[in-house]
Amino acid sequence: MRKTWLLGFGFFSISITWALYNAFVPFFLDNYLSSTLLIGFMMTIDNYFALFLQPWVGNLSDKTNTRFGKRLPYLMIGMPLAALFVALVPFHVSLVTLVAFMVLMNLSMSVYRSPTVALMPDITIDSKRSQANGIINFMGGIGALLAFFVGSKLYDADHSLPFLSAAVITIISLGILMFVIKEKRDTVAYIPAEQREKLSFRSELNRSTVFLLGAIFFWFLSYQGVEALFTLYGENHLGLTEGQSAFSLGFFSLALVLAAIPSGLLGRRFGKKRIIMIGVSGLVVIFAAITFIDALLPLRLLMLAGGIFWAMININSYPFIIGLGKEQSIGRRTGIYYVFSSLAAIASPPLMGGLIDLFGYSILFYVASGSMLIALAFLFGVRDKGLARDTTATGHSTTA
């Protein structure tokens with residue numbers, strides 16, 4: 001699993017960049033826009049690119065065959081460009097330049113996000129993918145922690161420092177990946193593009209996949225709205241400072257780090273579906289409870305508990321969706337996964353922002369809890385019939 005830990009640097013750089021983006025860009029937009037709905041809409045730019053580009057790039061990477069492999073070429077193009085534009089975001093001088101830098105940064109990240117994610121199942125056998133996903137999400141969680149805890153301090157010192165730091169980390173992470181990952185050597189079963197079976201997108205949508213995608217949509221509808229608007233919720237509803245709001249959101253990421261690897265092991269031992277359902281049920285309760293909280297300490301404790309439940313969902317969902325398909329369609333199914341998570345992320349911030357404009361910030365966690373409840377209902381329709389099965393070293397197996 002050594003290469004899995006090193007592959008985690010790709011997720012580390014992605015997570016630290018997105019966490020900083022979601023925590024601090026709303027404050028930049030708040031200087032120009034008076035409507036929370038409009039701010040929420042602007043925060044979905046990345047998801048429009050994810051909706052259209054990431055499925056295409058993921059599918060294209062399945063068919064790519066270069067001396068560097070099929071995924072790494074996209075990292076070599078996207079990561080340096082993303083580093084440049086994330087560094088420019090805090091140096092905007094108007095709404096136009098801010099939006100331009102946001103668009104270019106998100107476009108660059110869309111080039112390499114799906115190929116980076118697809119590298120994990122490429123170099124990991126099926127029975128260890130939940131465990132591997134726990135490891136790389138642990139690394140991603142460390143990135144988010146640095147973004148919220150250290151980034152909030154850097155932001156208070158100078159608004160540009162967190163973004164410049166993310167740019168440097170992205171370049172360093174690319175260097176590490178290029179040095180340690182050799183696709184044609186490390187991929188479990190490297191199949192040249194010309195030898196791959198022709199599969200359509202429709203062939204990927206079996207019954208269980210469709211229900212799982214429905215669940216993915218609704219739990220991301222909940223999570224993305226909270227992530228994008230929580231700092232404004234803390235500032236405007238609870239009276240926290242910008243730094244306190246970002247620091248409080250960091251407790252959610254702290255729990256993800258602590259629970260990432262255990263969640264992967266639990267998914268392997270007891271089945272991905274069962275652990276995901278526990279996580280979704282837990283967040284229904286946690287998000288509902290936050291609506292009654294108006295003090296900092298209990299808020300942070302609930303965010304910590306919520307992060308543990310989110311880890312159960314997030315660590316096991318991607319291996320689950322991959323396990324319901326064929327090995328040669330990993331990139332395509334990665335893209336499909338991002339289509340539904342991105343649709344939710346597109347809809348969620350403006351939807352919740354509009355509801356906040358109408359009913360106030362207290363509505364945020366009511367909607368988040370209800371969306372998780374709908375996701376739970378979709379999960380009851382997932383029947384994998386022995387697919388996505390993890391076999392342990394002892395010979396026992398558990399159906400996801």
Discussion item. Does any part of the side chain of Ile336, heavy atoms only, come nearer than 4.5 Å to the side chain of Ile321, both counted from C-beta?
Written reply: no
Worksheet item: Can Tyr155 and Phe24 be said to form a ring-ring contact (aromatic ring centres under 6.0 Å, His included), step by step?
Response: CA-CA 8 Å; Tyr155 182 84; Phe24 299 120; 4.2 Å; yes
Worksheet entry | Hydrophobic cluster of Val285, others only, ordered by chain and residue number, side-chain cut-off 4.5 Å | none
Discussion item. Applying side-chain hydrogen bond (donor to acceptor under 3.5 Å, both in side chains) to Ser35 and Asp357, what does each step give before you reach the verdict?
Written reply: CA-CA 7 Å; Ser35 169; Asp357 285 344; 3.2 Å; yes
Discussion item. Is there a side-chain contact between Ile16 and Ile142 in this structure, where contact means two heavy atoms from C-beta onward sitting under 4.5 Å apart?
Written reply: no
Practice prompt. State, to 0.1 Å, how close Leu379 and Lys273 come at their nearest heavy-atom pair, and which atoms those are.
Written response: O-CE, 3.3 Å
Fill in: Aromatic centroids of Phe28 and Phe163 separated by under 6.0 Å
yes
Practice prompt. Identify, with sequence neighbours excluded, every residue that meets side chain to side chain donor-acceptor pair (under 3.5 Å) alongside Ser61.
Written response: Arg71
Worksheet item: Does Trp310 offer a backbone N or O that forms a donor-acceptor pair with the side chain of Asn314 under 3.5 Å?
Response: no
Fill in: Results of side chain to side chain donor-acceptor pair (under 3.5 Å) for Ser348 - residues two or more places apart only
none
Item to complete: Measure the spacing between OH of Tyr361 and CG of Leu238 and express it to the nearest 0.5 Å.
Response: 11.0 Å
Response to the item:
Cluster membership besides Leu297, Ile/Leu/Val/Met/Phe/Trp/Tyr side chains within less than 4.5 angstrom, sorted by chain and number, is Leu301
Worksheet item: Going by side-chain heavy atoms closer than 4.5 Å, which hydrophobic residues are tied to Phe91, directly or by a chain of links?
Response: Leu164
Discussion item. Nearest 0.5 angstrom please: Phe138 CZ to Ile315 CD1, how far?
Written reply: 11.0 Å
Worksheet item: If you round to the nearest 0.5 Å, how far is OG1 of Thr209 from CZ of Phe320?
Response: 8.5 Å
Side-chain donor/acceptor pairs under 3.5 Å, residues 170-182, sequence neighbours excluded:
residue	atom	partner	partner atom	Å
Thr170	OG1	Ala166	O	2.9
Ser173	OG	Phe9	O	3.2
Ser173	OG	Ile169	O	2.8
Lys182	NZ	Met178	O	3.1

Worksheet item: Taking the side chain as C-beta and beyond, is there a heavy-atom pair between Trp18 and Glu227 under 4.5 Å?
Response: no
Item to complete: Applying side chain to side chain contact (heavy atoms under 4.5 Å, CB included), name anything that partners Ser94, two or more places apart in sequence or on another chain.
Response: Val96, Thr97
Practice prompt. Apply the test side chain to side chain contact (heavy atoms under 4.5 Å, CB included) to residues Val280 and Trp219: give CA-CA distance (whole Å), side-chain angles for both, the deciding distance (0.1 Å), then the verdict.
Written response: CA-CA 8 Å; Val280 173; Trp219 72 52; 3.9 Å; yes
Response to the item:
With sequence neighbours left out, the residues meeting side chain to side chain contact (heavy atoms under 4.5 Å, CB included) with Leu60 are Trp56, Thr64, Tyr74
Discussion item. Within the structure provided, determine whether Lys70 and Asn65 are in side-chain contact (heavy-atom separation under 4.5 Å).
Written reply: no
Worksheet item: Does the gap between the ring centers of Tyr366 and Phe359 come in under 6.0 Å?
Response: no
Item to complete: Apply the test ring-ring contact (aromatic ring centres under 6.0 Å, His included) to residues Phe340 and Phe220: give CA-CA distance (whole Å), side-chain angles for both, the deciding distance (0.1 Å), then the verdict.
Response: CA-CA 9 Å; Phe340 280 80; Phe220 272 109; over 10 Å; no
Item to complete: Please test Ser245 against Tyr233 for side-chain hydrogen bond (donor to acceptor under 3.5 Å, both in side chains), starting from the C-alpha separation and ending with a verdict.
Response: CA-CA 8 Å; Ser245 294; Tyr233 174 90; over 6 Å; no
Worksheet item: Considering only heavy atoms from C-beta outward, does the side chain of Phe27 approach that of Ile39 to under 4.5 Å?
Response: no
Worksheet item: Can you tell me how far the CZ atom of Arg268 sits from the CG atom of Asn133, to the nearest 0.5 Å?
Response: 14.0 Å
Practice prompt. Show your reasoning for whether side chain to side chain contact (heavy atoms under 4.5 Å, CB included) applies to Asp158 and Leu161.
Written response: CA-CA 6 Å; Asp158 188 295; Leu161 288 179; 3.8 Å; yes
Practice prompt. Would you name the heavy atoms of Tyr32 and His92 that are closest together and state the gap between them?
Written response: OH-CD2, 3.2 Å
Worksheet entry | Pairwise side-chain contact, Ile261 with Gln131, heavy-atom cut-off 4.5 Å (strictly under) | no
Worksheet item: For Ser108, does its backbone N or O pair with a side-chain atom of Arg113 as donor and acceptor, under 3.5 Å?
Response: no
Practice prompt. Output, in order, the C-alpha distance, side-chain angles, deciding distance and verdict of side chain to side chain contact (heavy atoms under 4.5 Å, CB included) for Met102 and Phe85.
Written response: CA-CA 8 Å; Met102 289 167 63; Phe85 294 119; over 6 Å; no
Discussion item. Test of understanding: with side chain to side chain donor-acceptor pair (under 3.5 Å), list the residues that count as partners of Glu235, not counting sequence neighbours.
Written reply: none
Worksheet item: Taking all atoms of both residues into account, what is the closest heavy-atom pair of Met352 and Val226, and its distance?
Response: SD-N, 4.3 Å
Fill in: Where Pro121 and Ile322 come nearest, the two heavy atoms and their spacing
CB-CG2, 4.4 Å
Discussion item. Test of understanding: with side chain to side chain contact (heavy atoms under 4.5 Å, CB included), list the residues that count as partners of Leu107, not counting sequence neighbours.
Written reply: Phe49, Leu53
Worksheet, complete the sentence: Rounded to the nearest 0.5 angstrom, the CG-CG distance for Leu104 and Leu88 is 9.0 Å
Worksheet, complete the sentence: Value for CG (Leu302) from OG1 (Thr291), rounded to nearest 0.5 Å, stands at 10.0 Å
Practice prompt. Return the minimal non-hydrogen interatomic distance between Leu98 and Leu29, and the atom names on each side.
Written response: CD2-CD2, 3.7 Å
Worksheet item: What orientation do Tyr223 and Phe252 show, parallel under 30°, tilted 30 to 60°, or perpendicular over 60°?
Response: tilted
Fill in: hydrophobic_cluster_shared for Leu358 and Leu351, side chain cutoff 4.5 Å
yes
Worksheet item: For the side chain of Ser208 and the backbone of Val382, is there at least one donor-acceptor N/O pair under 3.5 Å apart?
Response: no
All N/O donor-acceptor pairs, side-chain side in residues 369-378, below 3.5 Å, sequence neighbours left out:
residue	atom	partner	partner atom	Å
Ser369	OG	Val284	O	2.7
Ser371	OG	Phe218	O	2.5

Worksheet item: For Tyr318, is the NZ or CZ atom of Lys272 found under 6.0 angstrom from the centre of its six-membered ring and inside 45 degrees of the ring axis?
Response: no
Item to complete: Specify the closest pair of heavy atoms between Leu296 and Ser248, including all atoms of both residues, with the distance to one decimal.
Response: CD1-OG, 3.5 Å
Practice prompt. Report yes or no: does Asp30 contribute a side-chain atom to a donor-acceptor pair with the main-chain N or O of Pro26 at less than 3.5 Å?
Written response: no
Discussion item. Taking the side chain as everything from C-beta on, heavy atoms only, tell me whether Val117 gets closer than 4.5 Å to Tyr337.
Written reply: no
Discussion item. For Thr116, give me all partners under side chain to side chain contact (heavy atoms under 4.5 Å, CB included), at least two apart in sequence or on another chain.
Written reply: Phe11, Ile14, Leu75, Tyr112
Discussion item. Apply side chain to side chain contact (heavy atoms under 4.5 Å, CB included) to residues Tyr338 and Ser114 and explain how you reach the verdict.
Written reply: CA-CA 8 Å; Tyr338 276 116; Ser114 284; 3.6 Å; yes
Worksheet entry | His237 and Ser362, any side-chain heavy atoms less than 4.5 Å apart | yes
